[in-house]
Amino acid sequence: MAIERTLSIIKPDAVGGNHIGAIYDRFEQAGLRIVGAKMLQLDDEKAGGFYAEHAERPFYNDLKSFMTSGPVLVSVLEGEDAIAKHRDIMGATNPKEAAEGTIRADFANSIDENAVHGSDSAQSAAREISYFFNEDEVCPRTR
Ligand SMILES: Nc1ncnc2c1ncn2[C@@H]1O[C@@H]2COP(=O)(O)O[C@H]2[C@H]1O
């Protein structure tokens, strides 16, 4: 299987709930390596640009308000089949539909405040990683 990179966001609800360590633990237990990380306070423009594909959706303004309501932790995860693996660990977008034991089942309360985001394809991973990280801010493991 191919080694891939994917973008992870731990959203304001999960950062505020002090769940960063628990969520990182799930990534690492699944064999994903954290190769880039930073905490950011997004503003309306930065959050809106990230979610530009949803600009016409009815939830876009609420999504921007939520994503700017507190800091987020953005990370680059690397590993075999990382994009699909990360999405499996997160669970369904709507936590009410998320499988037992997934991050959203355990840490999210609603589809609007759903704890985490992950890239959904190789193309979106490339765009989303470069949206938040310069090349020299991603550090391949050397040991
Ligand atoms: N009906 C909806 N469909 C998809 N995403 C939604 C919907 N309503 C709110 N959202 C939020 O919009 C976000 C867009 O991508 P995320 O994977 O970060 O998670 C999504 C949800 O938190």
Side-chain angles (χ1 to χ4, degrees), residues 1-140:
M1 265 194 212
I3 301 291
E4 296 175 335
R5 286 180 180 170
T6 190
L7 184 84
S8 149
I9 305 179
I10 302 182
K11 296 185 179 184
D13 57 331
V15 172
N18 242 6
H19 301 309
I20 293 170
I23 291 171
Y24 262 19
D25 191 45
R26 293 183 184 208
F27 296 159
E28 293 193 316
Q29 290 295 329
L32 295 171
R33 299 179 289 276
I34 297 149
V35 295
K38 57 174 91 165
M39 185 170 280
L40 298 171
Q41 172 61 55
L42 302 180
D43 61 15
D44 188 78
E45 188 183 349
K46 191 79 176 170
F50 181 75
Y51 282 121
E53 67 181 291
H54 296 304
E56 304 305 322
R57 307 284 292 273
F59 56 82
Y60 184 60
N61 284 335
D62 286 345
L63 177 59
K64 287 192 295 176
S65 296
F66 166 59
M67 290 299 288
T68 57
S69 67
V72 297
L73 190 74
V74 294
S75 308
V76 181
L77 308 179
E78 185 180 79
E80 274 187 13
D81 205 18
I83 297 166
K85 194 178 274 185
H86 181 217
R87 292 183 71 78
D88 283 351
I89 298 166
M90 290 193 298
T93 304
N94 186 347
K96 293 184 175 64
E97 293 163 9
E100 208 176 309
T102 60
I103 291 169
R104 285 173 173 147
D106 291 343
F107 299 113
N109 290 316
S110 70
I111 191 168
D112 297 304
E113 302 202 355
N114 64 352
V116 282
H117 167 86
S119 310
D120 63 6
S121 66
Q123 195 183 6
S124 65
R127 182 188 86 83
E128 293 179 359
I129 290 168
S130 65
Y131 191 80
F132 286 115
F133 290 88
N134 296 320
E135 264 176 44
D136 64 357
E137 294 174 318
V138 181
C139 307

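Order of listing sets the numbers, starting from 1, for every ligand and every atom in it.
- Under a 3.5 Å cut-off, the side chain of Asn94 and the backbone N or O of Lys96 do form a donor-acceptor pair.
- The closest donor-acceptor contact from the side chain of Glu4 to the backbone of Ala82 lies under 3.5 Å.
- Closer than 4.0 angstrom to ligand 1 by heavy atom are Lys11, Tyr51, His54, Arg57, Phe59, Leu63, Thr93, Arg104, Ile111, Asp112, Asn114, His117, sorted by chain and number.
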Return a table of donor-acceptor pairs under 3.5 angstrom between the side chains of residues 57-65 and protein atoms on other chains or two or more places apart.
from: Tyr60; atom 1: OH; to: Gly48; atom 2: O; distance (Å): 3.0
from: Lys64; atom 1: NZ; to: Asp44; atom 2: OD2; distance (Å): 3.4
from: Ser65; atom 1: OG; to: Asn61; atom 2: O; distance (Å): 3.1

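- Evaluation of the ring-ring contact (aromatic ring centres under 6.0 Å, His included) test over residues 96-129, restricted to residues two or more places apart or in two chains, returns His19-Phe107, Phe50-His117, Tyr51-His117.
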Ignoring hydrogens and angles, write down the donor-acceptor pairs under 3.5 Å from the side chains of residues 7-16, residues two or more places apart or on other chains.
from: Lys11; atom 1: NZ; to: Asn114; atom 2: OD1; distance (Å): 2.6
from: Asp13; atom 1: OD1; to: Ala115; atom 2: N; distance (Å): 3.4
from: Asp13; atom 1: OD2; to: Ala115; atom 2: N; distance (Å): 3.1

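- Side-chain atoms of Arg5 never come within 3.5 Å of backbone atoms of Val76 as a donor-acceptor pair (strictly under, hydrogens ignored).
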